[in-house]
Amino acid sequence: MFRSNNLAARVFERQILTPRPGASVNLVRHFYENLVPSCTIYDIDCPDHSFRKFTDDGQYLVSFSRNHQDLIVYRPTWLSFSCEGEDCDSHSLPQKAKRFDSFFTQLYCVSLASSNEFICKDFFLYMESHQFGLFATSTAQSHDAPTTEGAIDGVPSIERITFYLVRLEDGVILDEKAFCNDFVNLAQSMGVFLYEDLLCIMSLRYQTIHILQIRDSGNLVDVRNIGIFCREDDELFINSHAHCMGILDKSKLDDLSAHEVANDVQHHQVTQGTSLLSGIKQRLLSFIFRKTWNEEADPTLSCLEKDNDEIMLLFQRVQHLKKKFYFHFQDYVDLIMWKVQFLDRHHLLIKFGSVDGGVARSTDQQPAFFAVYNMETTEIVAFYQNSSEELYSLFEQFYDYFHANSRNSLHASFISSHSNNTHALDQLWCIKNKTNNISQFVKKMMTSLPCTCQSQSPSPYFDLSLFRYDEKLISATVRHRHSTEHPIKFISRRQPNILKFKIKPGCGLCFSMFGKPAFACASTPALDLGSAPMTTISYCFLMFRSAFWLIDTTILFFILNLWRYPGCYHQCFFSLPMELPVPSLLEPQKCDARYPNNLIRKACPFSWTIL
Amino acid sequence: MGSLLGDWPSYNPHNFSQLRPADPSAQPSKLTPVTYHPTHSRTLPPPNQVISTETRNILLRQFYQKPEEKLRPKRAASDNLTPAHGSKQLRGAFADGSN
């Protein structure tokens, strides 16, 4: 915790004080209280692309062409200029500030989709360690696709979905993976989850989870498919024993298919090509059976045991089994997998539900179930209904672990959630206490599980311990929102009445970057940014030109040293949030050796948001 | 006592017994430090103990432990009270299976 609110004082304090163990990143994030957006530039002509997202490390801006067939990637190269004189504040920005190219350099334009395919605008996953981006193209969706073997009725079909792995540095398409006549929920990357180098793709139509690995070379390698078969050699085993079981007799299947419509029960099993349930379903049913069998059906059971009446005990158990398991057996068999995420490299969290709710967004009315599946032992570890309070208590305490952030991603672990932030927890409890129906509340909370990968922005401006803002208007969750009339206020959390900055989204995109640092005063009075015209993109950007009006000579000396290297002062400042380079006041000539440009760039996760 | 390390506990009673205080005027017999040492070996770690971080994160541990907790009272009723470390043995079995 810094003792002062002044930026320069904080910089010096940071130089001499060691933060508490494990809290160095939290401490450095306090600098964002001083560095806030302070300026907007209007009426900038920008290319007519649909801008998607900044990557979390701030290296690339991903956009798609209007016809949704090309990928255009920009490198953010921020405007830099210097200003001499007494009163830099009153100087207006140079003319080049009104140009899009002053801020972004186009790296390449790559065509991903061919004639009848379109890039899915909503889908983008970024693998930070290798700077790979995952994109998806698809053909049009058809709702009345013919029922093929293994496919589930009621799920639409897309003729071709292709995933492309692109190296964002140079736009080279490293690998692709295609799914034909299948359906993967591409909206907001919901059907795909990236964890470290593992990718899991939920194929709804064929009820299979495809696990792929992204190798360092950029190849997408199949690891396993979970669905009909759980282990890699299950298929071999069943095929080699098919003649014994007499199940895969083709002639028998032809007879049965005629009766498909008449008898719904057989339908699911027949379409899989065998009369066996799929591997994952078998695992699920056996787990539910064992769990129900081992449950205490009745509190009076213990006194029965004392009487040593084993037959009575068995009878009770069978009754319990009938009521809880066999009565619902067909419902369990009819469950389909909706969504899946990694919990760690070996465990998956799978959401099951009925066929009707598979593609629909709002799933409040449908009962849903969650299962934890161990890929190595192919066993279901846990199974809960979406109204389970036990699962809710785990959700409340360990939400960060549901997000499954790998250790490689530094800033992703600092996204505010109700498990790591008291303010977020207060908000959650507030909602919980207001609700009359706890079961409805629990179901509503459970709709956010399984988590969608990379759906939350790691920007420190969304950190609830630093700023307070209206969550209905803006939040860390990356999704398109309607723009509002009023500016969105960000109020400092630690100084409750001080407004730090306001953002007026207007229409289109507003990029927020670092603002003017506060040197002489405690905080920067926020500028009302006004409303942006409908057809332009507004920018707020850093104005680090306030060096020469400083009164304090030591600070002036500090700034003068940075000014020796005008080319790198900008990068120095950008590295402020994470790795603040504090030049030694005694040996100014060593400034640049300590902060080589590439080091600064890597150390700096930018905090961009597309609002 | 005079010495810095004299009265700290040690597993070997002869440690620190040779210490002499820096002050030469002090009498050796009075200022020989007493070394505290344990009189039992209950707290010694087992010779083949290896301490390592649990590979599973806390959420997964909760998923694995909840059904075990439910099973435990049931078994206690039927098996005449499992010993105190019975649950630890169960967990060990799980860890071996999945590691």
Side-chain angles (χ1 to χ4, degrees), chain A residues 195 287-288 290-306 308 310 313 317 341-349 370-384 388-391 393-407 419 449 451, chain B residues 4-11 15-16 36 38 42-99:
Chain A
Y195 176 72
F287 178 82
I288 300 171
R290 276 186 282 118
K291 190 174 92 143
T292 316
W293 180 256
N294 289 326
E295 259 174 16
E296 272 203 16
D298 207 313
T300 57
L301 218 54
S302 49
C303 52
L304 283 172
E305 287 175 54
K306 279 179 194 164
N308 210 15
E310 286 187 14
L313 178 65
R317 273 189 174 178
Q341 68 155 106
F342 281 106
L343 288 176
D344 73 352
R345 287 185 83 87
H346 302 300
H347 293 86
L348 295 172
L349 179 71
F370 295 95
V372 177
Y373 175 74
N374 184 332
M375 292 197 290
E376 300 299 319
T377 61
T378 69
E379 281 179 7
I380 301 266
V381 173
F383 184 74
Y384 299 100
S388 160
E389 299 215 2
E390 207 174 288
L391 183 63
S393 74
L394 291 176
F395 170 84
E396 200 180 88
Q397 291 168 45
F398 307 117
Y399 185 62
D400 291 341
Y401 292 94
F402 279 110
H403 264 293
N405 294 313
S406 67
R407 280 153 290 170
S419 301
L449 287 184
C451 297
Chain B
L4 287 169
L5 299 172
D7 42 1
W8 286 16
S10 170
Y11 62 90
N15 283 347
F16 308 118
Y36 292 98
R42 285 197 301 267
T43 51
L44 281 178
N48 55 353
Q49 176 178 273
V50 174
I51 299 176
S52 60
T53 313
E54 167 101 33
T55 47
R56 254 182 247 147
N57 64 42
I58 190 169
L59 177 65
L60 285 168
R61 254 181 279 154
Q62 293 284 328
F63 281 129
Y64 277 96
Q65 278 172 19
K66 292 236 184 234
E68 286 177 48
E69 280 168 16
K70 283 186 193 163
L71 283 175
R72 224 180 298 138
K74 194 155 168 62
R75 286 192 190 182
S78 57
D79 295 346
N80 295 333
L81 289 173
T82 51
H85 51 269
S87 61
K88 285 185 187 170
Q89 283 174 352
L90 278 172
R91 198 197 296 183
F94 258 53
D96 290 339
S98 61
N99 279 349

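In what follows, every heavy atom counts, from backbone to side chain, and hydrogens, waters and symmetry copies are set aside. Order of the sequence lines fixes the chain letters, A, B, ..., with proteins taken first and strands second; residue numbering starts at 1 for each chain.
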Might you confirm whether atom CZ of A:Phe370 has over 12 heavy atoms from other residues, nucleotides or ligands at distances under 6.0 Å?
-> yes
Top contributor to chain B contacts, counting heavy-atom pairs under 4.5 Å, from A:Gln397, A:Glu390, A:Arg345 = A:Glu390
To the nearest 0.5 Å, what is the distance between CZ (A:Phe398) and CG (B:Leu59)?
-> 7.0 Å
Give, for atom CG of B:Asn57 and atom NE2 of A:His347, the distance between the pair rounded to the nearest 0.5 Å.
-> 9.0 Å
Aromatic rings A:Phe402 and B:Phe63: how do their planes relate, parallel, tilted or perpendicular, breaks at 30° and 60°?
-> perpendicular
Closest approach of B:Leu60 to A:Leu343 (non-hydrogen atoms, all atoms of both residues) = CD2-CD1, 3.9 Å
Can you tell me how far OH of A:Tyr384 sits from NZ of B:Lys66, rounded to the nearest 0.5 angstrom?
-> 6.5 Å
